[in-house]
Participant: 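Dropping the structure in here first, questions after.
Fair warning: this is a prediction, and the values are worked out from it, not measured in the lab. Throughout, residue positions are numbered sequentially from 1 according to the sequence presented. Any value given below was found using the heavy atoms of this structure, including those in side chains, with hydrogens, waters and symmetry copies removed.
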Amino acid sequence: MASDTLAGTPRTDAEISGLDALEIAGREKGPSRLRRFWSATWPKLAALALTIGLWQAVVWTGWKDPWALPGPGVVFADLGHYLVSAALWDGLATTARRAAVGFAAAVAVGLLLGLGVARVKVLRAALGSMITALQTMPSIAWFPLAILLFQLTEQAIFFVVVLGAAPSVANGVIHGVDYVPPLLIRAGRNIGARGLNLYRYVIAPAALPAIVAGLKQGWAFAWRSLMAGELLVVIAEKTSVGAQLTYARDFADAPRLMAIMIVILVVGLLVDAAFSAADKAIRRRWGVLDQAGN
């Protein structure tokens with residue numbers, strides 16, 4: 001008869017089977033996918049309803065004239081027209097291209113800079129505090145220099161997006177590498193991992209949660225920098241979401257202005273959801289989350 005031990009107590013096959021059955025039953029009694037979806041969704045819907053209610057209440061107080069602060073009904077009606085217009089999708093295409101190119105460049109710069117600073121003591125002493133200082137600088141402060149260097153061009157926007165996002169990515173890499181246990185690095189070296197293989201198979205996987213957090217924060221800075229850039233650097237032959245926001249302000253079109261702001265907010269939420277899904281997948285792979293996602 002086979003047996004297992006736990007704290008010195010032998011267990012029979014029947015006892016082990018019973019424990020397995022209890023564990024399986026516990027998993028089967030977990031919440032359904034629909035219930036988990038509803039549990040994650042209803043707080044967001046409640047917050048949205050509360051926000052719209054407060055917005056409408058402020059409009060009813062007459063604090064501002066309707067031409068300056070329209071009600072939710074007017075704004076959502078205009079948003080419906082905006083969503084089916086070519087202007088929105090042309091603007092989103094331009095903005096998405098700028099965001100993708102700028103963020104990709106920021107990720108490349110941030111990863112290389114972060115790895116260098118994390119592993120080379122001289123670079124850490126020279127640039128460690130400077131990276132944090134650059135991260136704290138408002139993106140808008142870079143635009144006077146960017147416009148002097150590149151005038152009102154795409155390059156000016158790209159310059160500010162990269163400078164806004166790269167320090168956050170670099171800091172994420174630095175913190176991730178710093179918190180890799182030395183024992184794990186020694187174990188990797190003992191099994192033959194050296195140079196790039198050590199980074200690929202040991203350091204990078206261990207630092208991945210912090211790197212993803214840095215990427216998420218870097219995206220937030222990139223998106224904010226891009227919106228500021230499109231408000232300041234309006235290129236006549238290239239429509240964008242930021243440029244359309246500027247036009248709505250210039251023509252005092254409050255419903256369209258707020259509709260565009262809602263679009264910008266939704267894009268930010270969608271990207272945040274993508275990063276959250278990646279973070280959850282990493283935590284599940286590490287065993288921090290169970291397969292049900294709890």
Side-chain angles (χ1 to χ4, degrees), residues 90-120 123-124 126-177 196 199-200 203-204 207-235 237-243 264 267-268 270-279 282:
D90 290 343
L92 273 179
T94 300
T95 298
R97 176 182 56 79
R98 290 171 175 171
V101 173
F103 184 59
V107 168
V109 172
L111 287 176
L112 291 175
L113 183 61
L115 285 173
V117 170
R119 304 305 297 175
V120 181
L123 287 178
R124 183 183 287 270
L127 301 176
S129 59
M130 181 63 68
I131 293 174
T132 302
L134 289 174
Q135 184 178 356
T136 60
M137 279 194 66
S139 301
I140 197 72
W142 289 107
F143 271 101
L145 175 62
I147 293 172
L148 281 176
L149 293 174
F150 303 105
Q151 289 75 49
L152 298 176
T153 62
E154 295 267 356
Q155 287 74 22
I157 299 175
F158 177 80
F159 176 79
V160 176
V161 170
V162 173
L163 282 178
S168 296
V169 178
N171 268 333
V173 174
I174 293 168
H175 293 155
V177 173
L196 290 178
Y199 279 92
R200 179 180 177 183
I203 295 176
L208 192 57
I211 293 174
V212 171
L215 291 174
K216 184 176 180 179
Q217 189 177 49
W219 166 258
F221 279 99
W223 187 241
R224 289 166 54 186
S225 301
L226 178 59
M227 288 298 102
E230 291 188 343
L231 287 172
L232 293 175
V233 181
V234 177
I235 303 173
E237 66 273 12
K238 292 184 179 180
T239 186
S240 65
V241 173
I264 294 171
V267 171
L270 291 175
V271 176
D272 179 75
F275 276 111
S276 297
D279 178 68
I282 292 170

Participant: Heavy atoms only: give me the nearest Ile140-Ala228 pair and the separation to one decimal.
Facilitator: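 What the structure gives for the nearest pair is CD1-CB, 4.2 Å.
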
Participant: Are side-chain heavy atoms of Ile264 and Trp223 found at a separation under 4.5 Å?
Facilitator: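 The answer is yes, as the side chains (C-beta and beyond) meet within the 4.5 Å cut-off.
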
Participant: Show your working on side-chain contact (heavy atoms from CB on, under 4.5 Å) between Lys216 and Val212 and close with a plain yes or no.
Facilitator: CA-CA 6 Å; Lys216 184 176 180 179; Val212 171; 5.5 Å; no

Participant: So which atom in Gly242 and which in Leu231 form the shortest heavy-atom distance, rounded to 0.1 Å?
Facilitator: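 For Gly242 and Leu231, the tightest heavy-atom pair comes out as O-CD2, 3.5 Å.
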
Participant: Of all heavy-atom pairs between Phe150 and Ala156, which one has the smallest distance, and what is that distance?
Facilitator: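 Of all heavy-atom pairs spanning Phe150 and Ala156, the closest is CB-N, 3.7 Å.
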
Participant: Which residue, Val173, Val169, Val107, forms the side-chain contact (heavy atoms from CB on, under 4.5 Å) with Ile211?
Facilitator: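 Output: one option passes, namely Val173.
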
Participant: If you count heavy atoms of other groups shown closer than 6.0 angstrom to CZ of Arg124, is the number above 12?
Facilitator: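 More than 12 within 6.0 Å, yes.
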
Participant: Closest heavy-atom contact between Ser139 and Phe221?
Facilitator: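 Here Ser139 and Phe221 meet closest at OG-O, 4.3 Å.
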
Participant: What I want to check is whether the side chains of Thr153 and Gln155 have a donor and an acceptor closer together than 3.5 Å.
Facilitator: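 The criterion, which ignores hydrogens and geometry beyond distance, is satisfied for Gln155 and Thr153.
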
Participant: Within the 4.5 Å heavy-atom criterion, are Asn171 and Ile174 side-chain neighbours or not?
Facilitator: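 Sidechains of Ile174 and Asn171: in contact.
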
Participant: Within a strict 4.5 Å, meaning less than it, do heavy atoms of the Val177 and Ile203 side chains meet?
Facilitator: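 Yes, side chains in contact.
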
Participant: Side-chain contact test, heavy atoms from C-beta onward, threshold under 4.5 Å: evaluate it for Pro167 versus Met130 and give yes or no.
Facilitator: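 No, side chains not in contact.
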
Participant: Please report the C-alpha distance between Thr94 and Ser240 in whole Å, then the side-chain angles of each, then the deciding distance to 0.1 Å, and finally whether the side chain to side chain donor-acceptor pair (under 3.5 Å) criterion is met.
Facilitator: CA-CA 6 Å; Thr94 300; Ser240 65; over 6 Å; no

Participant: With the side chain counted from C-beta on, respond yes when Phe143 and Val233 share a heavy-atom pair under 4.5 Å apart, and no when they do not.
Facilitator: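 Sidechains of Val233 and Phe143: in contact.
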
Participant: How long is the straight-line distance from CD1 of Ile157 back to CE of Met227, given to the nearest 0.5 Å?
Facilitator: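 It comes to 9.0 Å.
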
Participant: To the nearest 0.5 Å, how far apart are CG in Leu208 and CG in Leu215?
Facilitator: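 Nearest 0.5 Å value for the CG-CG distance: 8.5 Å.
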
Participant: Between Asp279 and Phe275, is there a side-chain heavy-atom distance shorter than 4.5 Å?
Facilitator: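 The answer is no, as the side chains (C-beta and beyond) never meet within the 4.5 Å cut-off.
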
Participant: Would you indicate whether the side-chain heavy atoms of Arg98 and Val161 approach each other to under 4.5 Å?
Facilitator: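 A side-chain contact under 4.5 Å is absent here.
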
Participant: Specify the closest pair of heavy atoms between Ala222 and Phe103, including all atoms of both residues, with the distance to one decimal.
Facilitator: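 Shortest heavy-atom contact: CB-CD1, 4.2 Å.
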
Participant: Taking atom OG1 of Thr136 and atom CD1 of Ile131, what is their separation to the nearest 0.5 Å?
Facilitator: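 Going from OG1 on Thr136 over to CD1 on Ile131, the span is 12.0 Å.
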
Participant: Ignoring hydrogens and angles, tell me if any N or O in the side chain of Thr95 forms a donor-acceptor pair with the backbone of Val241 under 3.5 Å.
Facilitator: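 Side chain of Thr95 to backbone of Val241: a pair is present.
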
Participant: Measure across Leu226 and Ala99 and return the closest heavy-atom pair with its distance rounded to 0.1 Å.
Facilitator: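 For Leu226 and Ala99, the tightest heavy-atom pair comes out as CD2-CB, 3.6 Å.
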
Participant: Just so I know, are the side chains of Leu134 and Trp142 near enough to count as touching, which here means a heavy-atom distance under 4.5 Å?
Facilitator: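 A side-chain contact exists here, since the closest heavy-atom pair is under 4.5 Å.
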
